[in-house]
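Only one structure is covered here, and it is reproduced in the block below.
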Amino acid sequence: MDAYYRDRVFLFLIALGNEGVDSTINAAQNKMGNSVVGKQVKDFGTQQFLDSIPICVERLDDLVDIVEAPLMKKLDAQGFECYIIADGMSSVLKKTHGIKTEVAKQSLVEQV
């Protein structure tokens, strides 16, 4: 990867949420895109899941001292966006010009 891009990307092996807690991430078998923090959310009744993996959940506001907050954010959090935006990034939102998010209705409904 070109240094221009590499120096702008930060990888954190955490989940974003509304509080700093230990949780799990649950990934559907044969569909890693269905990965939900804290519970299993099935796309269909017989869907199978891999073993839960421990993960640390942090508020984005608690990480902004580590990196400069970008003006535009893209969130894809399988229905967890409402927690991240409402209680996890109020300071970051003050510096944000826009947020792009994908909403998976089933995941959102199961987590509210």
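Positions are given from 1, in the same order as the sequence printed here.
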Exercise. Between Glu19 and Gly17, is there a donor-acceptor pair closer than 3.5 Å when you use the side chain of the first and the backbone of the second?
Worked result: no

For this session: Would you confirm whether Asn26, through its side chain, and Lys39, through its main-chain N or O, come within 3.5 Å as a donor-acceptor pair?
Result: yes

Problem set entry | Rounded distance [0.5 Å steps], CD1 in Ile84 versus CD in Glu58 | 12.0 Å

Exercise. Would a 4.5 Å heavy-atom cut-off, applied to side chains only, mark Ile55 and Thr24 as touching?
Worked result: no

For this session: Give the C-alpha distance, both sets of side-chain angles, the deciding distance and a yes or no for side chain to side chain contact (heavy atoms under 4.5 Å, CB included) between Val37 and Val57.
Result: CA-CA 9 Å; Val37 174; Val57 179; 4.0 Å; yes

Exercise. Does a side-chain heavy-atom distance below 4.5 Å link Met89 with Asn18?
Worked result: no

Exercise. Is it true that Val41 and Phe49 fall in one hydrophobic cluster, defined by side-chain heavy atoms closer than 4.5 Å?
Worked result: no

Exercise. Can you hop from Ile14 to Leu60 via hydrophobic side chains spaced under 4.5 Å?
Worked result: yes

Exercise. Roughly how far apart are Glu81 CD and Thr101 OG1, rounded to 0.5 Å?
Worked result: 3.5 Å

Problem set entry | Steps toward side chain to side chain contact (heavy atoms under 4.5 Å, CB included) verdict (Leu16, Arg59) | CA-CA 6 Å; Leu16 293 177; Arg59 295 172 65 247; over 6 Å; no

For this session: Tell me, yes or no, whether the heavy-atom count around Tyr4 atom OH, taken from other residues, nucleotides or ligands under 6.0 Å, exceeds 12.
Result: no

For this session: Measure across Val92 and Asp61 and return the closest heavy-atom pair with its distance rounded to 0.1 Å.
Result: N-OD1, 2.9 Å

